[in-house]
Amino acid sequence: MPSKDRIAYFYDGDVGNVYFGPNHPMKPHRLCMTHHLVLSYELHKKMEIYRPHKAYPVELAQFHSADYVEFLHRITPDTQHLFADELARYNLGEDCPVFENLFEFCQIYAGGTIDAARRLNHQLCDIAINWAGGLHHAKKCGASGFCYINDLVLGILELLKFHARVLYIDIDIHHGDGVEEAFYFTDRVMTVSFHKYGDMFFPGTGDIKEIGEREGKYYAINVPLKDGIDDASFTRLFKTIIAKVVETYLPGVIVLQCGADSLAGDRLGCFNLSIEGHSECVRFVKKFNLPLLVTGGGGYTKENVARCWTVETGVLLDAELPNGRRAGGHWSVGPSIGRAGLVRSSSVEIPDNEYAKYFAPDYTLKIQNGNMENLNSKSYLSTIKVQVLESLRCIQH
Ligand code: ZL4
Ligand code: CA
Ligand code: ZN
């Protein structure tokens with residue numbers, strides 16, 4: 001177990017109190033649920049918890065255009081009807097609505113990722129976690145796909161002040177287009193995104209042939225996948241590619257976007273990963289023992305998001321949770337009567353807390369299997385792997 005001060009965890013209770021609107025898939029309340037679940041497992045005793053600073057407009061403008069930042073700062077739900085042109089220009093609307101306290105929300109999640117990068121830069125921790133961050137679609141001059149400010153790009157720019165090479169890995173089911181685009185022409189950041197590709201799935205980019213340009217050629221990697229990918233196929237492909245990437249690129253620091261919409265049963269997703277499969281990727285990345293910045297991202301079945309990021313907090317702390325993978329310690333294991341009064345076998349209930357009701361009826365960290373066909377054939381996955389590894393062979397340091 002690492003000493004408590006080596007893991008920095010960023011959280012602001014205000015971040016979960018914003019509302020994107022009726023039926024909007026993005027529910028920041030999942031961040032409160034995650035935090036309460038982390039507390040109920042007493043994981044806060046094994047890491048330092050910080051409230052992030054609210055990033056200043058000039059910090060946001062390190063990547064974004066000053067006019068866009070200024071507009072985000074100024075616009076409110078009451079005044080938006082006066083700014084139809086600007087709303088269209090900055091892509092604000094149905095996916096990216098203007099809501100109460102929008103700018104403060106951006107300042108908090110971006111502040112968390114920037115603070116995380118700064119603590120890593122000064123070697124004040126080995127791993128920094130910001131589950132509110134990971135909003136990978138935001139562009140220099142506008143919002144996209146529920147993302148307004150690209151905290152990942154801001155965090156990476158901060159890391160580049162101290163590190164020659166930054167590796168960005170993205171396991172959200174959507175293509176990490178905003179981060180890729182920001183660093184498409186440089187070899188100082190390698191971006192690797194695993195995502196669903198095809199059938200017009202958002203954002204529509206991330207073909208395997210997108211590899212970067214000019215100085216950045218071969219430094220963008222895209223792993224396009226079909227519906228229903230399972231733990232075995234995903235983790236095998238992930239480990240093969242990431243091991244080769246780290247061996248070839250020799251990054252000084254890794255940024256890992258852990259979007260939980262790649263889990264089975266996600267409201268927007270179509271993959272079939274369990275929490276074990278998803279968190280196995282986190283465990284694998286941690287094992288390189290490089291400074292690591294971990295963020296959230298998508299995730300639209302909010303009980304599963306909270307379960308996943310809690311288990312992954314445990315993985316990063318070397319404090320594996322019962323049902324996260326291995327059972328052990330003082331947790332009760334074995335046949336039990338659930339809170340719902342059902343007899344179950346080999347289940348471990350999450351510790352009781354004021355948020356426990358969200359995890360009914362089983363009250364465990366397990367999620368429902370998607371029961372889906374894996375449309376990624378062995379030969380398809382093998383072709384993808386071969387193409388990525390071939391592209392990596394073109395890099396010569
Ligand atoms: C919704 O029900 O594919 C937004 C968005 C709001 C409530 C109001 C209904 C009005 C699904 C999505 C209709 C809204 C239709 N409401 C929005 C091409 C689209 C154009 C916009 O995980 N319409 C755009 C974005 C994706 C598109 C995914 C993932 C983020 C991340 C990191 C972003 N956009 C079609 C959709 C609803 C809504 C229901 C929705 N939007 C599903 N997928 C999208 O990678 C955080
Ligand atoms: Ca992705
Ligand atoms: Zn996503």
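Scope of the values below: all heavy atoms of this structure, side chains included, with no hydrogens, waters or symmetry mates. Each ligand, and each atom within it, is numbered from 1 in the order the structure gives.
Looking at H174 and the Zn ion (ligand 3) together, the shortest N, O or S contact belongs to ND1. Considering just the N/O/S atoms of D261, the one nearest the Zn ion (ligand 3) carries the name OD2. Among heteroatoms of the N, O or S kind in D172, O lies nearest the Ca ion (ligand 2). For H174, the N, O or S atom closest to the Ca ion (ligand 2) goes by the atom name O. The Zn ion (ligand 3) is closest to atom OD1 of D172 (considering only N, O or S atoms).
Membership of an apolar cluster is not assigned to L124, as no side-chain contact below 4.5 Å to another ILVMFWY residue is traced.
At a threshold of 3.0 Å, the Ca ion (ligand 2) has a backbone or side-chain N, O or S atom of F194 nearer than that distance. In summary, Q257 places no N/O/S atom under 3.0 Å from the Ca ion (ligand 2), failing the contact criterion. Metal site remark for the Ca ion (ligand 2): H195 contributes no N, O or S atom at a distance under 3.0 Å.
Within 4.0 Å of ligand 1, contacts by protein heavy atoms are made from P22, N23, H24, P25, M26, E94, D95, L135, H136, H137, G145, F146, D172, H174, F202, D261, L268, G297, G298, Y300.
Remark: K54 does not engage D115 in a salt bridge, criterion side-chain N to carboxylate O under 4.0 Å.
Taking the six-membered ring where the residue is Trp, the centroids of Y109 and F105 are separated by under 6.0 Å.
For the atom pair D5 CG and D126 CG, the distance stands at 8.5 Å (nearest 0.5 Å). The structure places CD1 of I221 at 10.0 Å from OH of Y249, a figure rounded to the nearest 0.5 Å. Taken from CD1 in I49 to CG in L43, the straight-line distance is 9.0 Å, to the nearest 0.5 Å.
Geometry note: the Ca ion (ligand 2) is the vertex, D170 OD1 and S193 OG are the arms, and the angle is 100° (rounded to 10 degrees).
For D170 and H195, the side-chain atoms include no donor-acceptor pair closer than 3.5 Å.
D14 and I108 get closest at one heavy-atom pair: CB-CD1, 4.0 Å. When all heavy atoms of P291 and L120 are compared, the closest pair comes out as CB-CD2, 4.1 Å.
For F185, the CZ atom sits in a packed shell: over 12 heavy atoms of surrounding residues, nucleotides or ligands are nearer than 6.0 Å.
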